[in-house]
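Just below is one structure, and these are the notes that go with it.
Letters A, B, ... are given to chains in the order of the sequence lines, protein chains preceding strands, and every chain is numbered from 1.
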Amino acid sequence: MNTFITKARDGDQKAFGRLVEHFQNRILSVVYGIVGTRHDAEDIAQDTFIKAYQSIGGLKTEAAFYSWLVRIAINTSLSYKKSDHESQMVPLDAIEEPVYQGEPPDAYMEKQAGVERLNVLLAELSPEHRAVLVLREIEELSYEDIAAVLGIPLGTVKSRINHAREKLRLAVKEKGVR
Amino acid sequence: MMNCHECSSLLYDYRDNDLDIEVRCRVENHLSTCVDCQIEWKEIQETMALYHTHITAGTPDKDLCARIMAELANNRVGITVSIPLAVLGGLLLALLAIGLVFLLPLLYPVFRVLVQLAIYLLPLPAIILKAFPVMQFASLSLLIVALVTVAWATRRATLY
């Protein structure tokens, strides 16, 4: 992967394309964890990769590529949430639907309702709390790495993670999401 | 012996493997005997598993990569000034050049007076700084702060 990063730094678009293919799932998960809709997450992931391509020349080492990319994704997502987009209506086709895996219709409906309820619960968390949650639970970054990525103190990271997890646990327990 | 309140406050650290071995053993001992804490521990695990499944369930649009590459190839990337802006800038520069040709004879005497004034005023800062040594410190500090700020801002702008 380092070869592609080096080539991309030299302006090789094909090499950058390989990086996009390799990292798009992970970046999409991180962004989705913050913005909460697949439709917006794809747009922001696209912006993230374009910003990355524009500024990849400033990347110091190949080893830092992914954490640098995640930082761009997080900043782009948080800026998006702070902008007016939040108040816009979500198009009908952007509402999440779980993957159909051949279960009986009742079970599928229940799963769909569960996804909707979980989205509502997650929307109650602030974007900053969602950012630390996704970095810890999905990216499995250490507290120190999360503090470095977000540029916040270690104590703030711990309190945000535990607050987010506890709020989610209580909400799931209270509303019975399965 | 650990109580429920203490155990509950440590469950997330226990899950993160962020406890030293002694505290970890005490949490495990408490969990093995306390039904309420076992329930809370199970809820934590289930909630986080649900969250993980929910966030990672989707797959990106198969065209996402193609869209990004098309955007890059579109030559939009890297160009920071649009064509209309460039044309407008060119027109303004041309107007400025024409204006200068006509205005220069009028502006020349004014410039001359200004230059003479500047020559007379140039030693003024040195005289002031010599008379008030504390100002040397202040101006030097200001200069350092300005340089550090510019360096930090440039580095930050490069990173993002």
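The distance from the CG atom of A:Leu170 to the CD atom of B:Glu40 is 8.0 Å, given to the nearest 0.5 Å. With values rounded to the nearest 0.5 angstrom, A:Asn162 atom CG is found 10.5 Å from B:Arg15 atom CZ. Rounded to the nearest 0.5 Å, atoms CZ (B:Arg67) and CD (A:Gln46) are 5.0 Å apart. Here the CD-CZ distance, from B:Glu46 to A:Arg169, works out to 11.0 Å after rounding to the nearest 0.5 Å.
Cluster annotation: B:Leu121 is connected to B:Phe132 through the hydrophobic network of ILVMFWY side chains, with a link wherever side-chain heavy atoms come within less than 4.5 Å. Linking Ile, Leu, Val, Met, Phe, Trp and Tyr residues whenever their side-chain heavy atoms come within less than 4.5 Å places B:Ile128 and B:Leu117 in a single cluster. Taken together through direct or relayed side-chain contacts under 4.5 Å among Ile, Leu, Val, Met, Phe, Trp and Tyr, A:Val149 and A:Val157 form part of one hydrophobic cluster. Both A:Leu78 and A:Trp68 sit in one connected hydrophobic cluster of ILVMFWY residues. Membership requires side-chain heavy atoms under 4.5 Å apart, directly or through other members. Both B:Leu114 and B:Leu106 are members of a single hydrophobic cluster when ILVMFWY side chains are connected at heavy-atom separations under 4.5 Å.
When every heavy atom of A:Ser29 is checked against every heavy atom of B:Ile55, the shortest pair comes out as O-CG2, 3.5 Å. The heavy-atom pair separating B:Tyr51 from A:Arg130 by the smallest distance is OH-O, 4.3 Å. The shortest non-hydrogen separation linking B:Ile68 to A:Phe49 is CD1-CD1, 3.6 Å.
Heavy atoms closer than 4.5 Å to chain B are found in both the backbone and the side chain of A:Leu168. Looking at A:Val30, neither its backbone nor its side chain comes within 4.5 Å of chain B, counting heavy atoms on both sides. Contact annotation for B:Asp16: both backbone and side-chain heavy atoms come within less than 4.5 Å of a heavy atom of chain A. Residue A:Arg26: no heavy atom, backbone or side chain, is found under 4.5 Å from chain B.
Checked against the 6.0 Å centroid criterion, the rings of A:Tyr32 and B:His54 qualify as a close aromatic pair.
When atom types are taken as modelled, the side chain of A:Gln24 and the backbone of B:Leu64 share no donor-acceptor pair closer than 3.5 angstrom.
Within a 6.0 Å radius of NZ in A:Lys167, more than 12 heavy atoms belonging to other residues, nucleotides or ligands are found. Atom CD of B:Gln116 sits in a crowded spot, with more than 12 heavy atoms from other residues, nucleotides or ligands closer than 6.0 Å. A 6.0 Å sphere centred on CZ of A:Arg18 holds no more than 12 heavy atoms belonging to other residues, nucleotides or ligands.
Contacts with chain B were tallied for A:Leu122, A:Ile161, A:Leu133; A:Leu133 has the most, counting heavy-atom pairs under 4.5 Å. Counting heavy-atom pairs under 4.5 Å between each of A:Ala41, A:Gly17, A:Gly57, A:Ser142 and chain B puts A:Gly17 at the top.
Residues A:Lys173 and B:Thr47 form no side-chain contact, since every pair of their non-hydrogen atoms from C-beta on lies 4.5 Å or further apart. Counting heavy atoms from C-beta on, the side chains of A:Glu166 and B:Tyr12 come closer than 4.5 Å.
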